[in-house]
Amino acid sequence: MANPSPSCFIFLFALLTFLPHFNNAEDVTSVSDACKAAAASSPNVDYNYCVQCLQADPSSSSTGKLGLAKIMTNLASQSAQDTKEKVKKLLLDAAYAQYDTEIHTCKSLYSRLVDYLAIAAKGIDTSRLADAHTYLSASLDAPGECDEAFSKKQAPAMLANENATAKQLVAIALALVKMSRV
């Protein structure tokens, strides 16, 4: 019996090395298509903002909807952490002492938001999409409640931009998770 030629081993090695990449190619979703679908599925999703955020991450061009959801969840988490830090600074600034209650409300809301987004990200990582969906849905409330705390007192909307950003990032992540569950 003849021994297999070295080219046979090279072919087999190449096949085993690249086969997994071909299987994942079907799962890759263009950012434009994913954002278009997300915007169509939710009135809270801004198509242009979705595309802008996702295209800023180089890995977005080689992943599927779930990977895009993870990118958006990470962006939302970073945004929430940044806002939480801003809130801490506002609490230390005597110029905002009259809004102490409202600022503390936002601090609590953003602390919870950071926690929820971490659980949602873990749900995405472990393919527990029901958990990701639940915690992203709950995350949508924090920015609006923070805005509401200031509007009830007819106070200046000190965190309006941050709240709008957080709501948009979470809404996009949620829409992408919903599409991945189908």
Side-chain angles (χ1 to χ4, degrees), residues 31-60 65-124 131-180:
V31 167
S32 177
D33 289 347
C35 290
K36 198 176 295 181
S41 72
S42 172
N44 296 321
V45 174
D46 178 284
Y47 168 81
N48 292 323
Y49 188 74
C50 177
V51 170
Q52 177 187 4
C53 289
L54 287 173
Q55 285 183 339
D57 187 311
S59 67
S60 67
K65 290 176 187 160
L66 200 53
L68 296 175
K70 177 66 187 270
I71 292 169
M72 291 307 291
T73 302
N74 289 341
L75 289 171
S77 180
Q78 185 58 57
S79 174
Q81 289 172 14
D82 292 346
T83 302
K84 189 175 161 184
E85 291 305 312
K86 180 177 180 177
V87 168
K88 287 179 183 177
K89 289 177 184 173
L90 289 173
L91 285 169
L92 298 174
D93 191 333
Y96 300 108
Q98 63 189 349
Y99 306 114
D100 195 55
T101 302
E102 293 75 20
I103 296 169
H104 271 289
T105 297
C106 291
K107 180 182 176 201
S108 174
L109 289 166
Y110 271 90
S111 292
R112 187 177 69 204
L113 178 58
V114 168
D115 293 342
Y116 283 0
L117 290 169
I119 296 168
K122 186 175 181 181
I124 293 169
D131 289 350
H133 181 270
T134 298
Y135 283 94
L136 286 169
S137 294
S139 296
L140 277 175
D141 296 337
E145 289 176 21
C146 179
D147 277 337
E148 191 176 304
F150 285 101
S151 68
K152 279 183 180 177
K153 193 169 181 176
Q154 297 180 342
M158 289 178 245
L159 299 168
N161 290 338
E162 291 83 355
N163 290 333
T165 297
K167 184 174 182 176
Q168 188 60 214
L169 293 171
V170 171
I172 296 166
L174 179 60
L176 292 167
V177 165
K178 284 181 182 178
M179 291 186 306
S180 297

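Side-chain atoms are counted along with the backbone in the values below, which use heavy atoms only and exclude waters and symmetry mates.
- For Y96, the OH atom counts as loosely surrounded, since its 6.0 Å shell holds 12 or fewer non-hydrogen atoms of other residues, nucleotides or ligands.
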task = Test side chain to side chain contact (heavy atoms under 4.5 Å, CB included) on Y49 and L169 and set out the steps.
result = CA-CA 9 Å; Y49 188 74; L169 293 171; 3.8 Å; yes
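- Remark: the backbone N or O of A38 is not paired with any side-chain donor or acceptor of S42 at under 3.5 angstrom.
- For the residue pair V45 and A175, the shortest heavy atom distance occurs at CG2-CB, 4.1 Å.
- Side chain to side chain, S32 and Y47 meet the donor-acceptor criterion of an N or O pair below 3.5 Å.
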key: Residue pair M179, L176: steps toward the side chain to side chain contact (heavy atoms under 4.5 Å, CB included) verdict   = CA-CA 5 Å; M179 291 186 306; L176 292 167; 3.3 Å; yes
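- Nearest approach of P143 to L140, heavy atoms of both residues: CD-O, 3.5 Å.
- K167 places no side-chain N or O within donor-acceptor distance of the main-chain N or O of N44, the cut-off being under 3.5 Å.
- Nearest heavy atoms, L68 versus A34: CD1-CB, 3.5 Å.
- Here the side chain of S108 pairs no donor or acceptor atom with the backbone of H104 at under 3.5 angstrom.
- Atoms CD1 and CG, on I172 and L54 in that order, are 7.0 Å from each other to the nearest 0.5 Å.
- Taking CG from L90 and CD from E102, the interatomic distance works out to 12.0 Å, rounded to the nearest 0.5 Å.
- You'll find the side chain of L117 reaches within 4.5 Å of the side chain of L136, heavy atoms only.
- The shortest heavy-atom contact between N74 and A121 is OD1-CB, 4.4 Å.
- Distance check: D147 CG to C106 SG gives 7.5 Å after rounding to the nearest 0.5 Å.
- For S137 (side chain) and H133 (main-chain N/O), a donor-acceptor pair under 3.5 Å exists by modelled atom type.
- Environment of NZ in K122: sparse, with no more than 12 heavy atoms of neighbouring residues, nucleotides or ligands closer than 6.0 Å.
- In this structure, Q168 contributes its side chain and D46 its backbone to a donor-acceptor pair below 3.5 Å.
- Taking CG of L113 as the reference point, atom CD of Q81 lies at 9.5 Å (rounded to 0.5 Å).
- Atom CG of N163 is separated from atom CD of E148 by 11.5 Å, given to the nearest 0.5 angstrom.
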key: Stepwise side chain to side chain contact (heavy atoms under 4.5 Å, CB included) check, L159 with K86   = CA-CA 9 Å; L159 299 168; K86 180 177 180 177; 3.9 Å; yes
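- Annotation: the span from C146 atom SG to I103 atom CD1 amounts to 9.0 Å, rounded to 0.5 Å.
- In this structure, the side chain of S139 engages the main chain of Y135 through a donor-acceptor pair within 3.5 Å.
- In this structure, the side chains of K84 and V87 stay at 4.5 Å or more apart for every pair of heavy atoms.
- Checked by atom type, the side-chain pair D82/Y110 shows no donor-acceptor distance below 3.5 Å.
- The shortest heavy-atom contact between Q98 and K153 is O-NZ, 2.5 Å.
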